[in-house]
Amino acid sequence: MPVRVGVVVFPGSNCDRDTVRALDLVGAEPVVLWHEQASLDSVAAVVLPGGFAYGDYVRAGVIARFSPVMRSVAEFAGRGGLVLGICNGFQVLAESGLVPGALLRNASLRFVGHEVAIAPVRSDTAFTRGLEIGRGLRMPVAHGEGRFYADAVTLDALERDGQVLFRYVDPAGMPADPDHLANPNGSLRAIAGVMNAAGNVAGLMPHPERAAEVILGSDEGFGIIRSLVESAAQAVGQGPAVIGTGAR
Amino acid sequence: MSIIELEVEPLHRRLGVTDDELEAIRARLDGRDPNDLELAMFSVMWSEHCSYKSSKPLLRTLPIAGEGVVAGPGENAGVISIGDGLAVAFKIESHNHPSAVEPYQGAATGVGGILRDIFTMGARPIAVLDALRFGDPVDPRTRHLVDGVVRGVGGYGNCVGVPTVGGELVFDPSYGGNPLVNVMAIGLLEERRLTLAAAPGPGNLVVLFGSTTGRDGIGGASVLASATFSDDDPSKRPSVQVGDPFAEKLLIEASLELIDRGLVEGLQDLGAGGITCATSETADRAGTGILVDLDAIPRREPGLAPFEVMISESQERMCAAVLPENWEAVREVCDRWGLPVAIIGRVTDDGDIAIVQAGQEIARIPARALTSDAIVHDRVAAPPTHRRDAPAPGAPSEISDRLPERGTDPGAVLLALLGSANLSSRHSVFRQYDSTVGANTVAGPGRGAAVLRVDGTTKALVATTDGNQSVGRLDPWLGAALSVAEATRNVSITGARPLGVTNCLNYGDPTRPEAFWQLSEGVRGLADACLALGLPVTGGNVSLYNESASGAIAPTPEIGVVGLLDDIATLVGPAFVMVDDAILLIGAAGPGLVGSEYAGLAGEATEDAPPALDLAREAAIQRFVREAISRGLVASAQDISGGGFGVAIAECAMWSGLGASVRLAIGHSPAVDLFGESPSRLVLTCRPRYAAALELLARQHGLPAETIGSVGGDRLRIELTLAGATGAAEERGGWVADALEVPVRDLSHVWEHGLARALGWEG
Amino acid sequence: MTSFRFAVNVTPKPGILDPAGRAVEGSLGHLGIEGVQDVRIGRRAELTVEATEVTVARAVVERMASELLSNPLIEVFEIESIAGASSATDSQAGAD
């Protein structure tokens, strides 16, 4: 039986359909979760998709945080449930305090929409199973507020504790400086994705769900979605415990 | 100042209604005078924008019949069947004047408006292309407009979740005081969900949903406020429309759900003319009337006068005809999507738009008087006294430029063209748009036509916009015909079959005979080209009065084309594919450099003219390339347009990172053959073993074809030889100029940075 | 020369649609907040001007506010004196 993975739909979500499609491709059963609903319909994992939840006029992600479904997602995460936030979903998770850091306005002060490469920092987490550490995965970014920020102490701690999941890398495969085009938004330490200390909640700015088929220019995001679904399947099989490794 | 001098013109004139038009209004009201509210409604509905009163007689000459056309001109968008029970809806529309005033909101609401035209018909919007035209990029005013428009297109499209997959960005001094913002949208629908903008069934409810109504876009009609209604602070009467893409996103989802569940009998979006336009058009189409209860319309602010409510252009609103028994379900859908919804009237059988306030009827106008029976003007067309004709096909060439002989290095010219404001990469603009949301974008902006897969099928839609103003300013027939030729060619070279044409006709003041002549010639060129290529015009938009203190714009027929590729596996792109592939030149260069980008750099010779267009040859070359691709003979296909052969082959090289070495026979002059923009020419590549078959196929289609070199290396090398001297140039008189040889890396460098430099975005 | 500190508050013109304000109002239900309406969201800039006297300094800020910080088509501004030297906060509606 395919594993049930929830896709939260806020008013203004616009990557929900793409995420549902990518989950389908991986063989999961996508379950749409409306923002007004408190029940998560017994899903094994939750994806917060990209978009502009509630318009994102005030600050990306801030209003979504107060929706009924997010209270349930926070509880679910607190019980060890797997949650992945993509783009706007990452912003919602950061605003909710479920993952560390903040996503600030892009350094260019402009929206960025183009292909980048991100390299997994670890291959032993619920979100990066089977991925090659340091190998760039091509996928699009599309956001106006994606500059990862945390103070230096926090950044050091995130790196030390293994909470940095993905970095933007330049064509040579090195972490991209904040002023390099390969780092599309000026993220500190080229951070494109992070996870919480427990290792069950992660967010990333680029869109793996739009890079899950060769016809769309890249299928290198597929592995991230597959990793989430496999981890979710394992979690269901083994009860509520988290798969993968949390902080080191 | 005396009291007499303070006397102003009669109200109708201040509303832009001429004395003749007032007479025509009276005739449609059984001889009575309209009251102020009615006059306001007429003034917006009889505006050029809503009534097409100058262009209607011309537009009737366009071919509209075509295979698979499900909805054509007169509907919100053209709809063409693509098989599998699916259809594509598409349309292009202008938002020039609002963008000149407030570039961000003008462009944003332009995107919003065209998207509504698409989903009103039951189609989910899947792509936006924006064709933008501005003045000199060095001018600070231009830079301000470019920045605002680009942010506006992105700000709206990115948020609403429809990818921006293509378009144009063109600089020409004639747009200095009057930029053009033309936006094309494409949607996909199940044919059985097609919904028309009609209000059938007397007794049905008229339901308004979406945003509340405020004083947006009252514009010229605001004279009514001071003249008759109140003495409010004028600052409370904003005319700039502000877009709310979040509301639009909700409106898309709610509208498509209503259609999907069969809850609406007809649906119309609110744009220019607001509630007046939506009610009168839907009633007229259904042969019904509508009784509007003014008090039931949800307002954003208190104190709106009736005319303000009736003509407000507040964005993100929809009007539906609903069976009474479906009202509760409609309300539930709107509530769930957080959209205000109200019953604002009923469909009647008297054919009138009647407005009731506090139980009193305050206006009554036959619906058709506002729409299908609006006034039509016969304008006077007169060509300018001095014109230059295009040389006839095959005419002896007047060599207007002797560039290499003059000592100019053709490689330097090529680099200058590639780095120019109009030919350099648009990437620094396109990267501000989300081109991949929706996960259907196979080929995004910047490299020829956009390609979108049709999910769940093997098919793909191919779309492009093209407009030629530089030739159009000299010969508006030719400019329009070239625009159609180039747009359709860009679709055909992917292997796709063009389905239909949408157009946005941007011209000057139609009461000026020369401007009206330009418009009528443009429409004639559009019609001739569409007939020659066997394509229907499925809709479009006319934008007149594009003039500023510095003069009229160059006539700009913006053409949008959507094509269908049956099997996406056969898709061919413009970039070189493989080392050693043979490079073929199909078609032959004709004389004439006027209107080319080269002429923009080098200047125009007075005796020269634009290149000619042979529509039969254009049709043949498009048939040929589609057949060649469907037979699997073609590796890459590129058309020759802006910047001529040199820029075309340079793009093939830059986009692949592969070099090439070719010999180009100079039939006219090096400038004409290398950089001239005569149409109906292609650069193809194929595996070497297919080259002979491709040449043969081309000749069978009556087209000159020649294998001119091969792909490989890291440089672009073009040897120039005398015509007929390929292979034995030295024996036939030697080289006519030094070979052009530039590393591909250098081509890419100037191409990638040209636009940002021109706009001052980078040093 | 004296330093004068000002704040410029830029808000949407009355009557102009404010999508941000609307979105905030729409979300209040989730927070259990009632009775809030007419939310209008703008921007605030704080700045210091060196000038011989306050009227000169204010004229500079006026120009900045009207030409740079606000878009007169859709926004109005208000200038506040927030100098530590002066305890009084005066305010003045924008010229538009």
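Every chain is numbered from 1 and lettered A, B, ... according to where its sequence line falls, protein lines coming before strand lines.
- Judged as a side chain to side chain contact (heavy atoms under 4.5 Å, CB included), and not counting sequence neighbours, the contacts of B:Ala758 are B:Pro137, B:Ala421.
- Between A:Pro11 and B:Leu250, the shortest heavy-atom contact is CB-CD2, 3.5 Å.
- The candidate from A:Gly51, A:Pro140, A:Gly113 with the greatest count of non-hydrogen atom pairs under 4.5 Å with chain B is A:Gly113.
- Partners of A:Glu75 according to the salt bridge (Lys or Arg N to Asp or Glu O under 4.0 Å) rule, which considers only residues two or more places apart in sequence or in another chain, do not exist here.
- Checked against side chain to side chain contact (heavy atoms under 4.5 Å, CB included), A:Phe66 has the following partners two or more places apart in sequence or in another chain: C:His30, C:Leu31.
- Scanning both residues, A:Leu216 and B:Ala439, for their nearest heavy atoms gives CD1-O, 3.4 Å.
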Donor-acceptor pairs, chain A vs chain B, cutoff 3.5 Å:
unit_1, atom_1, unit_2, atom_2, d
A:Asn14, ND2, B:Asn158, O, 3.3
A:Asn14, ND2, B:Cys159, O, 3.1
A:Asp18, OD2, B:Gly438, N, 2.7
A:Arg21, NH1, B:Asp455, OD1, 2.2
A:Arg21, NH1, B:Asp455, OD2, 2.6
A:Arg21, NH2, B:Asp455, OD1, 3.4
A:Tyr57, OH, B:Asp244, OD1, 2.5
A:Tyr57, OH, B:Phe246, N, 3.3
A:Leu109, O, B:Arg151, NH1, 3.2
A:Arg110, NH1, B:Asp147, OD1, 3.0
A:Arg110, NH1, B:Gln432, OE1, 3.0
A:Arg110, NH2, B:Asp147, OD1, 2.7
A:Gly113, N, B:Arg431, O, 2.5
A:His114, NE2, B:Arg431, NH2, 2.7
A:Arg210, NH1, B:Asp434, OD1, 2.8
A:Arg210, NH1, B:Asp434, OD2, 3.3
A:Arg210, NH1, B:Thr436, OG1, 2.8
A:Arg210, NH2, B:Asp434, OD2, 3.1
A:Glu213, OE1, B:Arg453, NH1, 2.8
A:Glu213, OE2, B:Arg453, NH1, 3.4
A:Glu213, OE2, B:Arg453, NH2, 2.9

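- With a 4.5 angstrom heavy-atom cutoff, B:Val160 touches chain A only via backbone atoms.
- The two residues B:Cys159 and A:Gly55 make their nearest non-hydrogen contact at SG-O, 4.3 Å.
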